[in-house]
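Comments concern the structure below.
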Amino acid sequence: MKELFILVVVTVFTLVTYYLVEPFAHSQMHKHYESEGFAYADLPALTKKGDATRGKDLVMGAGACTGCHGIKVAGMPAPMDAVTAAASYGVNPPDLSNAGSVYDAKFLGNLIKNPAHALMVEHKFDPAKGQMHPMPQFYGAGGDMDQEVADMVAYLQSIAVKGEELTPKMTFELACGRCHAMHYEKWTQIGEKPAFKKKQDELAFDTQVLDYQDSLAKYMGTLPPDLSMYIRSRGAHYIETFVENPQNYLKGTAMPRVGVNAEAAEKVIEHLEDVGDSKRHEREEVGKNVMIYIIIFAIFALLWKKEVWKDLH
């Protein structure tokens with residue numbers, strides 16, 4: 001009886017300590033933020049219905065998008081290779097083929113108008129101090145600017161693959177893959193590392209990656225981390241809310257707000273899970289089988305106990 005009382009006292013004090021310390025640790029040492037549903041409430045909504053045909057003329061013409069961005073689906077290759085682009089801009093501008101599916105439409109519209117504001121990096125790029133964002137603002141083509149922006153967004157949406165055709169890997173590469181590597185998948189900031197027959201070819205590729213990373217580190221202040229195991233170390237909720245608004249977690253960070261829509265964010269998380277926790281489905285199946293075994297074993301153990309002790313009753 002005394003031992004039982006001691007056990008109860010220890011258990012109660014352990015639980016009380018846990019429930020007092022754990023919330024404090026999470027709220028103060030590791031703050032928790034709820035997702036805002038990728039609504040980007042701080043950005044003004046698109047007020048015009050876009051016309052994709054007019055948008056194409058703007059993207060290819062007055063918008064000057066193809067001066068920095070490739071649009072492979074429209075037969076427009078990138079004007080520079082990734083390493084040269086990073087040396088010029090700090091990071092390789094993304095191909096716009098699937099931008100309309102990956103990025104939120106409201107975010108895209110505001111990105112075209114004012115990149116530093118949409119990306120939440122105005123603390124880093126202040127025009128008053130001569131700190132201009134590498135992506136120039138669109139000042140309009142002489143008409144209704146809001147209409148022109150809506151037209152450009154409509155065009156980008158019209159050429160992009162449909163949401164169901166957008167794979168997790170495609171989403172990651174566009175949203176994250178120009179800054180973050182994933183060595184578990186042989187992904188580098190300039191693309192997937194191929195298998196080389198000659199060592200000198202591999203070394204040449206590695207040199208290009210290092211050159212790109214040097215430019216990226218200067219632009220960002222530090223080299224963004226490899227994301228191979230981030231899903232295991234940080235968890236899906238942290239990554240999702242960090243992507244949604246990096247400033248919540250790291251005030252003054254150079255990492256921009258990514259601007260993906262909710263569906264694309266889910267696919268980024270899925271890809272991180274596929275790479276960093278590739279055995280999760282097998283592990284879950286093994287867990288079920290172990291539980292079934294334990295239940296069956298417990299039943300047989302109980303029956304055996306009753307059989308052994310039945311004569312003592």
Side-chain angles (χ1 to χ4, degrees), residues 34-41 43 45-46 48-56 59-60 65-66 69-78 92-112 118 149-180 182 184-187 191-192 227-228 230-231 235-245 256-285:
E34 290 298 329
S35 173
E36 298 171 358
F38 295 88
Y40 306 112
L43 299 176
L46 296 173
K48 307 282 186 176
K49 180 177 175 58
D51 181 279
T53 303
R54 291 197 300 265
K56 179 179 180 180
V59 168
M60 301 296 184
C65 303
T66 53
H69 299 273
I71 310 178
K72 291 179 182 178
V73 72
M76 301 289 294
N92 184 29
D95 185 275
L96 299 181
S97 298
N98 292 316
S101 287
V102 172
Y103 300 110
D104 176 78
K106 181 167 64 170
F107 173 84
L108 272 177
N110 283 274
L111 181 68
I112 293 169
V149 168
D151 293 341
M152 294 167 76
V153 172
Y155 170 68
L156 294 176
Q157 290 178 323
S158 72
I159 62 173
V161 298
K162 302 302 180 185
E164 59 272 16
E165 299 172 20
L166 191 68
T167 67
K169 184 176 181 179
M170 290 164 59
T171 309
F172 170 84
E173 290 175 4
L174 179 57
C176 313
R178 292 169 298 111
C179 292
H180 295 278
M182 290 187 81
Y184 276 21
E185 200 188 29
K186 296 184 178 180
W187 176 261
E192 191 169 331
L227 296 183
S228 296
Y230 245 54
I231 194 69
H237 179 82
Y238 176 90
I239 295 173
E240 178 183 298
T241 51
F242 190 90
V243 166
E244 190 174 31
N245 187 349
R257 171 165 56 183
V258 182
V260 294
N261 56 46
E263 292 76 17
E266 290 180 5
K267 292 187 178 183
V268 168
I269 296 296
E270 184 178 348
H271 184 66
L272 293 176
E273 290 175 336
D274 289 340
V275 175
D277 195 8
S278 58
K279 299 292 184 181
R280 67 187 187 283
H281 298 303
E282 295 177 33
R283 187 173 62 250
E284 289 169 1
E285 191 62 33

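Since we're looking at a predicted model, the values are computed, not measured.
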Would you give the length of the straight line joining atom CG of L108 to atom CG of L96, rounded to the nearest 0.5 angstrom?
8.5 Å
As an exercise, state the distance from CG of D274 to OG1 of T167, rounded to the nearest 0.5 Å.
10.0 Å
Is there a side-chain contact between I112 and V153, using heavy atoms and a 4.5 Å cut-off?
yes
Heavy-atom count check: over 12 atoms from other residues, nucleotides or ligands less than 6.0 Å from K56 NZ?
no
dist N261:CG -> E266:CD (nearest 0.5 Å) comes out at 9.5 Å
Any donor-acceptor pair under 3.5 Å from H69 side chain to P94 backbone
yes
Taking all non-hydrogen atoms of both residues into account, name the closest pair between K169 and H271 and its distance.
CA-ND1, 3.6 Å
May I ask you to test the M182-F172 pair for a side-chain heavy-atom distance under 4.5 Å?
yes
Minimum heavy-atom separation for S228 and Y184, please, with both atom names.
OG-N, 3.1 Å
Any chance you could measure T171, atom OG1, to E173, atom CD, to the nearest 0.5 Å?
9.0 Å
Tell me, do E240 and F38 make a side-chain contact under 4.5 Å, heavy atoms counted?
yes
Go through it in stages, so that I can follow the logic: the residues are M76 and M60, the test is side-chain contact (heavy atoms from CB on, under 4.5 Å), and I'd like the CA-CA distance, side-chain angles, deciding distance and then a yes or no.
CA-CA 10 Å; M76 301 289 294; M60 301 296 184; 4.0 Å; yes
The reported gap from CD in E185 to CG in L227 (rounded to nearest 0.5 angstrom) is 11.5 Å
Hey, does the side chain of D151 reach the backbone of D51 with a donor-acceptor pair shorter than 3.5 angstrom?
yes
Is there a donor-acceptor pair closer than 3.5 Å between any side-chain N or O of R257 and the backbone N or O of A118?
yes
Is the shortest side-chain heavy-atom distance between D95 and L174 below 4.5 Å?
no
In terms of heavy-atom contacts, S97 and I71 come closest through OG-C, 3.6 Å
First locate atom CD1 of I159, then atom CG of N98, and finally report the distance between them rounded to the nearest 0.5 Å.
8.0 Å
Check whether any side-chain heavy atom of M170 lies under 4.5 Å from a side-chain heavy atom of V161, and answer yes or no.
yes
Do V268 and C176 have side chains that approach each other closer than 4.5 Å (heavy atoms only, starting at C-beta)?
yes
For the pair E273 (side chain) and I231 (backbone), establish whether a donor and an acceptor sit closer than 3.5 Å, ignoring hydrogens and angles.
no
For the residue pair K106 and Y40, what are the closest heavy atoms and their distance?
NZ-O, 2.9 Å
Heavy-atom side-chain proximity of Y230 to H180 below 4.5 angstrom:
no
Any donor-acceptor pair under 3.5 Å from N245 side chain to T241 backbone
no
Heavy atoms of A264 and V102 approach each other most closely as CB-O, 3.3 Å
When you compare the side chain of S35 with that of E244, does any pair of heavy atoms fall below 4.5 Å?
yes
For residues A262 and G37, report the shortest heavy-atom separation together with the two atoms involved.
CB-O, 4.3 Å
